[in-house]
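Have a look at the structure below, then the notes.
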Amino acid sequence: MPNSAEVKVNGQSYELPVIEGTEQETAIDISAFRAQTGVITIDPGFKNTGSTKSAITFLDGETGILRYRGYPIEQLADQSSFLEVSYLLIYGDLPSPTELAEFQGRITQHTLVHEDFKKILDGFPSTAHPMGVLSSLVTALTAFYPQSLDPNRSWEEVNLSIIRIIAKMPTFAAWSYKNQMGHPVMYPNNNLDYCSNFLHLMFGLPSTEYEVNPIVAKALDKLLILHADHEQNCSASTVRIVGSSQASLYASLSAGINALWGPLHGGANQAVIEMLENIKVDGGDTKKWMAKAKDKNDPFRLMGFGHRVYKNFDPRARIIKKAADEVLEALGVVDPVLDIAKGLEQEALEDQYFVDRKLYPNVDFYSGIIYRALGIPTEMFTVMFALGRLPGWIAQWKEMRENKEPIGRPRQIYTGENERDYKPLSAR
């Protein structure tokens with residue numbers, strides 16, 4: 001067999017096909033391995049298992065490359081908008097001016113949410129975590145649009161569900177913040193662009209008119225673009241596997257939100273700020289904490305440096321660093337925690353220990369700085385992440401459906417008790 005791999009099991013040889021992606025990524029196809037051999041493979045955490053073929057995002061962690069549908073993230077962040085990137089991810093190519101105007105127009109038509117959503121919101125105490133509120137509101141869309149429960153309906157109806165969630169997500173995200181703060185909710189202002197409208201929903205009050213800072217809106221737009229998709233990560237894979245059961249788009253997206261909620265996935269930028277606050281309480285000596293980070297016997301880890309995937313500089317960090325600098329300068333923020341962040345950044349970029357190990361500041365480091373500067377509570381950071389990741393999740397769900405992928409059903413190696421007889425309660 002050309003382009004094959006040979007595997008021996010109990011002395012018997014088996015040939016497995018080798019497949020190659022458009023960027024010369026190579027994989028051994030084991031989809032028929034169990035049927036041939038009666039043996040499964042095991043890969044805890046699926047760290048080396050390709051669960052699908054995807055045409056959405058290409059990521060090369062060794063060289064620091066990230067592309068959406070073939071377009072470099074650097075070009076998109078510099079020249080595009082979040083809604084344009086959303087269109088690209090979901091529909092497969094950049095829109096024409098007419099297509100983008102129509103896409104934006106349809107989203108604008110669906111920004112308002114049913115007034116009964118406020119009753120659901122009122123059911124949450126102000127102590128409720130915003131991510132729990134957000135996932136609940138997204139799930140509740142299935143009650144207001146029961147036709148969305150069937151993912152097999154016509155494309156026009158599925159696409160309407162896609163438009164609705166993109167339009168309403170900023171409102172849901174902002175309302176989760178308002179609930180935490182105990183503030184009255186705001187309604188969308190359709191005279192504003194997507195990110196400006198979100199800032200209005202977040203920080204506006206009914207009694208006053210909120211003036212959007214264009215530098216802040218531009219930085220937020222870049223942040224959302226940088227977070228829009230990131231290949232088969234925990235939440236994207238969750239959306240696909242939930243959707244593989246033919247669950248609705250909204251149910252699948254809610255599952256993705258809950259997967260993102262975990263501190264090992266979406267909570268990294270929150271961990272950055274919490275670390276900086278701890279350093280401040282300790283006196284703000286960054287050199288002391290840098291030394292702790294280099295000490296193998298010290299459990300302290302410097303959050304926001306290095307990346308699980310990127311073994312080089314995170315390409316998104318280069319972009320957002322500039323935006324963070326612009327936001328801090330525009331707002332004139334005086335915050336000792338942010339001063340500590342800038343000090344750590346400078347020392348890490350010059351420290352040979354970190355340079356040799358390519359432990360550069362990542363996108364979570366800089367996004368946490370921006371959110372802090374905007375006055376967004378740390379518990380809202382993951383909600384901001386979810387807002388940006390929405391088009392990627394939609395694209396992953398849509399691709400999985402179009403490819404007619406089977407229901408996800410991982411195998412396991414059983415390590416429990418062998419067969420044993422039941423003993424009545426009186427005999428135990």
Once you round to the nearest 0.5 Å, how far does [atom1] of [X] lie from [atom2] of [Y]?
X: Leu223; Y: Asp221; atom1: CG; atom2: CG; answer: 9.5 Å
X: Leu59; Y: Asn233; atom1: CG; atom2: CG; answer: 9.5 Å
X: Leu121; Y: Trp175; atom1: CG; atom2: CH2; answer: 7.0 Å
X: Ile56; Y: Lys398; atom1: CD1; atom2: NZ; answer: 8.5 Å
X: Leu149; Y: Asn152; atom1: CG; atom2: CG; answer: 12.0 Å

Should Asn190 and Thr108 be marked as a side chain to side chain donor-acceptor pair (under 3.5 Å) after you check the CA-CA gap, both sets of side-chain angles, and the distance that decides it? CA-CA 6 Å; Asn190 288 337; Thr108 301; 5.2 Å; no
Are the charged groups of Lys280 and Asp339 less than 4.0 angstrom apart, N to O? no
Asp325 bridged to Lys321 by N-O distance under 4.0 Å: yes
Would a 4.5 Å heavy-atom cut-off, applied to side chains only, mark [X] and [Y] as touching?
X: Tyr371; Y: Asn269; result: yes
X: Tyr71; Y: Asp93; result: yes
X: Ile257; Y: Met169; result: yes
X: Lys218; Y: Ile215; result: no
X: Thr52; Y: Gln232; result: yes
X: Leu276; Y: Leu344; result: yes
X: Pro263; Y: Gln270; result: no
X: His230; Y: Arg316; result: yes

So with a 6.0 Å cut-off around NZ of Lys322, is the heavy-atom count from everything else above 12? no
Over 60° means perpendicular and under 30° means parallel, so tell me whether Phe103 and Tyr91 are parallel, tilted or perpendicular. perpendicular
Parallel, tilted or perpendicular: which fits the ring planes of His129 and Trp261, with parallel below 30° and perpendicular above 60°? tilted
Give the intermediate values and the outcome of ring pair (Phe, Tyr, Trp, His ring centres under 6.0 Å) for residues His114 and Phe144. CA-CA 8 Å; His114 197 289; Phe144 290 88; 5.1 Å; yes
For Trp289, does the six-membered ring have the charged nitrogen or CZ of Lys292 within the cation-pi criterion, i.e. under 6.0 angstrom from the centroid and within 45° of the normal? yes
Does the structure place the NZ or CZ of Arg389 under 6.0 Å from the centre of the six-membered ring of Phe385, at an angle of no more than 45° from the ring's axis? no
Distance flag, aromatic centroids of [Y] and [X], threshold under 6.0 Å:
X: Phe82; Y: Tyr194; value: yes
X: Tyr68; Y: Phe58; value: no
X: Tyr360; Y: Phe305; value: no

Minimal non-hydrogen separation, Ala259 against Cys234, with atom names: CB-SG, 4.2 Å
